[in-house]
Every structure is written in structure tokens, then in C-alpha cells.
Amino acid sequence: MGGPLILTLSCADQPGITARVTSFLYERGCNIIEAQQFNDRAGNEAGDRFFMRVAFDPDGIDSGRLGAEFSDFAKAHAMIWKLARQDRPCRVIIMVSKFDHCLVDLVYRWRTGELSIDPVAIVSNHPREIAIRSDIGEIPFHYLPVTPGTKDEQEAALRDLAEENQADLVVLARYMQIFSDAQARHFAGRCINIHHSFLPGFKGARPYTQAYERGVKIIGATAHFVTGDLDEGPIIHQDVERITHADSAADLVRKGRDIERRVLAEAVRLFVEERVLINGNRTVVFRA
Ligand SMILES: Nc1nc2c(c(=O)[nH]1)N[C@@H](CN(C=O)c1ccc(C(=O)N[C@@H](CCC(=O)O)C(=O)O)cc1)CN2
């Protein structure tokens, strides 16, 4: 019998829903470790939306049987839900173009046991000697070059790689090619990008140049889910740093690297721990 399970769900808000979910677990001998919920009263046309994350010890019940019984419960409440094992590492494909600082940071946090991930592949649209300047050890590297004429094939190759490796998550760690709408839809909710600006400011290419020319006093980074709309996916995590008039564009790039690394790592941790729920074009993040 494995360790704790994590149940995440969303549904139309309804009186007593929290009690019904916790009672469902209690009646099957489960012991709740952590529970958080949020009721989005943002005035959606469909009404208030309820979100919940429950970590629990299944104790006596088999997770397969629990899932089957919860499936009936979820149908009765029109829930979107997921049941995951807390101790199962998240199988991750990490994609990179020419700047590997975020990639190397994720690999370090994996090697030290900080991030519960299993990096099943590293993918770049550039050859290994261009894309990777650091030791990535035994992680398989896949060179997937792309041109406008080969984009369909290159994207199909990524889908095949994700399927073959049963990847749970694709991380765009400064991967600088735009996913087609179809590719973004294929990986909806399981592809995270690190954008090197404090969105919604400075979308698109070369955000540090844009920021320098605008004369900003703060720079930032944003980790978000990838959608067909460039740099407009639901935001997971952001952070910023102050800069001054004396900082050059190169200084912004240098100072930005540290922000990008920590923002992406935190977003991956939140995803791995099933703490991020998508709420339209926003997220609900149940932080520890
Ligand atoms: N469908 C999506 N694909 C990608 C997203 C996204 O949000 N939705 N994020 C990007 C990463 N990114 C910023 O974080 C980004 C990448 C590329 C560009 C861009 O304009 N690229 C040019 C070429 C630039 C170059 O080669 O240096 C282009 O493709 O025409 C802007 C932002 C990853 N993919």
C-alpha cells in the first residue's frame, strides 16, 4: 500500500460540499493530513466555482477502489477531479533552446532530492553542444531541430516522446519556439513556461530589451501554463527584483536569470505537489 494520496477537485459551489467530500473520505477510513478549499465568487456566468485539495492517508482502502467509488461521487456533483500518489515522482520533459540556466537549476534540485521529479528527457531545438553547457549526466538528450517547414514533424516528435516516456509535465525552460495552437492544446494543463518578464508586461521576444528601453525599476519572471495565446496562459508563480538606472540591458539579463530559476523551480514544485488548479485563465494555488 503506497503513501498519502492527494485529491484535487473543482465543481459548482454548493452548500455542504466540503463536508460531503471529507465525509466520503472519513467513511472509507481515510485520515486527512491537509485540506484547503476556495470558493471563487468572481461572478462567473456559470456561478460560483468551488476548488479543493485534500492530502490524506488512505489507511485501509485500496487507492484503485477509492478512485472507482469517488468517480461515482464526482459524477453526482459534476466534478473535475484527480487522485494522485504523493510519493510518485513527476515524469518531466525539460525543453531548452540556447540558455540552460533554468534547466541546470532544475537538474540540481532533482539530484539533491529537493524536487520530486523524474527528468525522463531533455529536448532542444539546438544541438547538445549549443544548448547544454553543464553536466546533465545520464538524462537522455534529444535534438529536435525546427524550421517553419518542419514544425509539424518536430511537434509530432515531441508528442511521441512524451507518450513513450509517459511524461506528466513538459517544462519550457527558456525554450524559445512557439507551440502551435494544436500543440498547446495537446499539452494543456501539463506544460509550464518560464517567461522572463513580470507578465502581462513585456510579452513576446526579448523582454529584457523591452524593459531596459522602457526604463523600468523592477524586473521579474513569470511561470505560466502554455496556451495558444503567447505568454497569456494561467499564471502559476511570479517574482520580481528592483533594478536601477545604472543597470545595463546585460545587467537585467544577469539579474533576471536568478529570478527565472527560482520562479520556475517553485512553479514545478507546486505542480508536482498537485497544488495548482486551473480556474479559467487564472489558477488557484494551494500553497503549503
Ligand atoms: N503557444 C505557446 N508557445 C510558447 C509559449 C507560449 O506562451 N505559448 N511561450 C514561449 C516562450 N517565450 C516566452 O517565454 C517566447 C518564445 C519565443 C518567442 C518568439 O517570438 N519567438 C520568435 C523567434 C525568436 C528567436 O528565435 O529568438 C518566433 O518563434 O517567431 C516569444 C516568446 C515558448 N512557446
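Along the sequence shown, residues carry numbers from 1. When a ligand or atom number is given, it counts from 1 through the structure's own listing order.
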- Query: Is the shortest side-chain N to carboxylate O distance from Arg91 to Asp168 below 4.0 Å?
  - Reply: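 So Arg91 does not pair with Asp168 through a salt bridge.
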- Message: What I want to check is whether the side chains of Ser97 and Gln177 have a donor and an acceptor closer together than 3.5 Å.
- Response: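 Side-chain D/A pair, Ser97 to Gln177: absent.
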Candidate with minimal heavy-atom separation from [atom], of [options]:
atom: atom 14 (O) of ligand 1; options: Glu232, His195, His196; answer: His195
atom: atom 33 (C) of ligand 1; options: Gln183, Met95, Gln177, Lys98; answer: Gln177
atom: atom 25 (C) of ligand 1; options: Met176, Lys151, Arg185; answer: Met176

Looking only at protein heavy atoms, which one is nearest to [atom], and how far off is it?
atom: atom 19 (C) of ligand 1; value: Ile178 CD1, 3.8 Å
atom: atom 2 (C) of ligand 1; value: Thr227 O, 3.4 Å
atom: atom 3 (N) of ligand 1; value: Phe179 N, 2.9 Å
atom: atom 7 (O) of ligand 1; value: Asp231 N, 2.8 Å
atom: atom 20 (O) of ligand 1; value: Ala205 CB, 3.6 Å
atom: atom 9 (N) of ligand 1; value: Asn193 ND2, 3.4 Å

Could you tell me if any non-hydrogen atom of [X] lies under 4.0 Å from any atom of ligand 1?
X: Ile194; answer: yes
X: Gly204; answer: yes
X: Arg206; answer: no

Can you check whether [Y]'s main-chain N or O pairs, donor with acceptor, with [X]'s side chain at less than 3.5 Å?
X: Arg53; Y: Gln37; value: no
X: Arg128; Y: Ser124; value: no
X: Asp247; Y: Leu252; value: no
X: Gln183; Y: Glu155; value: yes

- Query: In the single-linkage hydrophobic clustering (I, L, V, M, F, W, Y; side-chain heavy atoms under 4.5 Å), do Val123 and Leu106 co-cluster?
  - Reply: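 Per the 4.5 Å side-chain linkage, Val123 and Leu106 are not co-clustered.
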- Message: Looking at every heavy atom in both Gly189 and Phe271, which two are closest together, and how far apart are they?
- Response: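 Closest heavy-atom pair between Gly189 and Phe271: O-CE1, 3.4 Å.
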- Message: Test side-chain contact (heavy atoms from CB on, under 4.5 Å) on Leu161 and Ile93; report intermediate values, then the result.
- Response: CA-CA 9 Å; Leu161 191 66; Ile93 292 176; 4.3 Å; yes
- Taking heavy atoms and a distance under 4.0 Å, where does Leu230 meet ligand 1: side chain, backbone, both or neither?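 It is both backbone and side chain that touch ligand 1.
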